[in-house]
Asks: 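Below you'll find the structure I mean.
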Number of protein chains: 2
Amino acid sequence: MEDYKQDFEQELQSNSLRLTGQRMLIYGVLWENREKHLTVEEIHSILVRRGSGISVATVYRTLALLEEHRLASRLCLDDGCVRYQLQDQLEKHEHHHLVCERCGKVIDVMSDMMDGIEQQALDEYGFQVRNHRVKLYGICKECRLKESKSDKLSML
Amino acid sequence: MEDYKQDFEQELQSNSLRLTGQRMLIYGVLWENREKHLTVEEIHSILVRRGSGISVATVYRTLALLEEHRLASRLCLDDGCVRYQLQDQLEKHEHHHLVCERCGKVIDVMSDMMDGIEQQALDEYGFQVRNHRVKLYGICKECRLKESKSDKLSML
DNA sequence: CTGGGTGCAAAAGGTTTGCAACACT
DNA sequence: AGTGTTGCAAACCTTTTGCACCCAG
């Protein structure tokens, strides 16, 4: 339970990178929010709120480091801010995201259904896929329920 | 052949928007480069190079307008700049992109292979997909050939 | 004519960088 | 001790905005 940082510590050590307090803090925030997709600004302000005088520059630098070492993955929702999430070390490549156009919720989806498309890319274009980013935009269950309810109310 | 702008003109008219010279120019550049994915900066500098004193602000405003009316689609390759491309009016939703990690080339792919994933999203999460953005990162045919050639050379 | 559209320049984000001070190893 | 890291602030880059002027309808 307390060893969640071992992947990180090991990766740093084997690359002769330093295990600093700031890096641990950032990794900790990502771990605590591993089911969420935090923006850089959110990560920074969580730490500032806790009394850490960490600078934004360090947050950016550390996140870039984590991404480079494939310990975190970057998610760009085309709304102008980049989000980060710890990357599951078991994943072959990145998972998919369902983005609700109403409430903004992001649902992670594990799926190998892209295998077919990857094969097609190779067959038809000679393109060898190494990673993919799939974002499906639509309306989540809760928002659909909410909307069908208010539709019924407005009909009265 | 000369009527490629009719979709655009019609859409403007039916929304009582004005058919200005600048809008025509921008639409023209997108049409000439319809197989490419131009950044805002590229579109702007193409026009400036041709002697048009158009401002970046207008380019941004017009592209936003085109996107809003689904005449163009925005592509965000997570490299900090947004790209635009005219949208095929027959497409159900956006097509997929194969992005080469070596040369940066972007290949468009039409495919309905996402239908399976969309059904899965609905079945498992109650999530109704309305659009999707799929980017597959990998290595294109040409770069693979080039690399295998230089591999062989370095072996000598 | 009249209001939508444009150019300009300033402002507003978000992200990067140079440099001196700091702190892991 | 030595160098990788950090904080700070300035620089950067892309995108947005306010406003006076302009032009399509």
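All of these numbers come straight from a predicted model, not from anything done at the bench.
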Asks: What integer distance in Å separates Leu65(A):CG from dT16(C):C1'?
Replies: 16 Å

Asks: In whole angstrom, give the distance that lies between atom CG of Leu19(B) and atom C1' of dC22(D).
Replies: 16 Å

Asks: With under 30° as parallel and over 60° as perpendicular, where do the rings of His37(B) and His95(B) fit, or are they tilted in between?
Replies: perpendicular

Asks: Could you state the CD-P distance from Glu42(B) to dT15(D), rounded to the nearest angstrom?
Replies: 12 Å

Asks: Would you say Thr20(A) reaches dT6(D)'s phosphate, i.e. side-chain N/O to OP1/OP2 under 4.0 Å?
Replies: yes

Asks: For the pair Glu35(B) and Lys105(B), find out whether any cationic side-chain nitrogen is under 4.0 Å from an anionic carboxylate oxygen.
Replies: no

Asks: What's the closest nucleotide to the Ser55(A) side chain, out of dG7(C), dG7(D), dG3(C)?
Replies: dG7(D)

Asks: Is there a side-chain polar atom (N or O) of Gln22(A) under 4.0 Å from OP1 or OP2 of dG7(D)?
Replies: yes

Asks: What's the closest nucleotide to the Leu17(B) side chain, out of dT17(C), dG5(C), dT3(D)?
Replies: dG5(C)

Asks: Need to verify one output field. Residue with the more 5' nearest nucleotide on DNA chain D, Val82(B) or Arg18(B)?
Replies: Val82(B)

Asks: With respect to the side chain of Arg61(A), which nucleotide from dT5(D), dT15(D), dC8(D) is positioned closest?
Replies: dC8(D)

Asks: Please assess Glu147(A) against Lys141(A) for the test salt bridge (charged side-chain N to carboxylate O under 4.0 Å, His left out), listing each intermediate value before the final yes or no.
Replies: CA-CA 10 Å; Glu147(A) 285 184 13; Lys141(A) 203 177 191 170; over 6 Å; no

Asks: In whole angstrom, what separates Met24(A)'s CE from dC24(C)'s C1'?
Replies: 12 Å

Asks: For Asn15(A) and dT25(C), what is the distance between atoms CG and P respectively, to the nearest whole Å?
Replies: 14 Å

Asks: Hey, does the side chain of Thr58(A) come within less than 4.0 Å of dG7(D)'s phosphate (OP1/OP2), counting only N and O?
Replies: yes

Asks: Give the nucleotide from the list dT15(C), dT17(D), dT15(D) with an atom nearest to the side chain of Val40(B).
Replies: dT15(D)

Asks: In whole angstroms, how far is the C1' atom of dA11(D) from the OH atom of Tyr60(A)?
Replies: 15 Å

Asks: I'd like to know if Arg50(A) and Glu32(A) make a salt bridge, using a cut-off of under 4.0 Å between side-chain N and carboxylate O.
Replies: yes

Asks: Could you give the NE2-to-P distance, from His44(A) to dC8(D), as a whole number of Å?
Replies: 9 Å

Asks: In whole angstroms, how far is the C1' atom of dC22(C) from the CD1 atom of Ile54(A)?
Replies: 15 Å

Asks: Does Arg23(A) make a side-chain N or O approach to OP1 or OP2 of dT5(D) shorter than 4.0 Å?
Replies: yes

Asks: Quick one: does Leu30(B)'s side chain get under 4.5 Å of Leu63(B)'s, heavy atoms only?
Replies: yes

Asks: Regarding Gly21(A), tell me which of base, sugar-phosphate or nothing describes its non-hydrogen contacts under 4.0 Å with the strands shown.
Replies: nothing

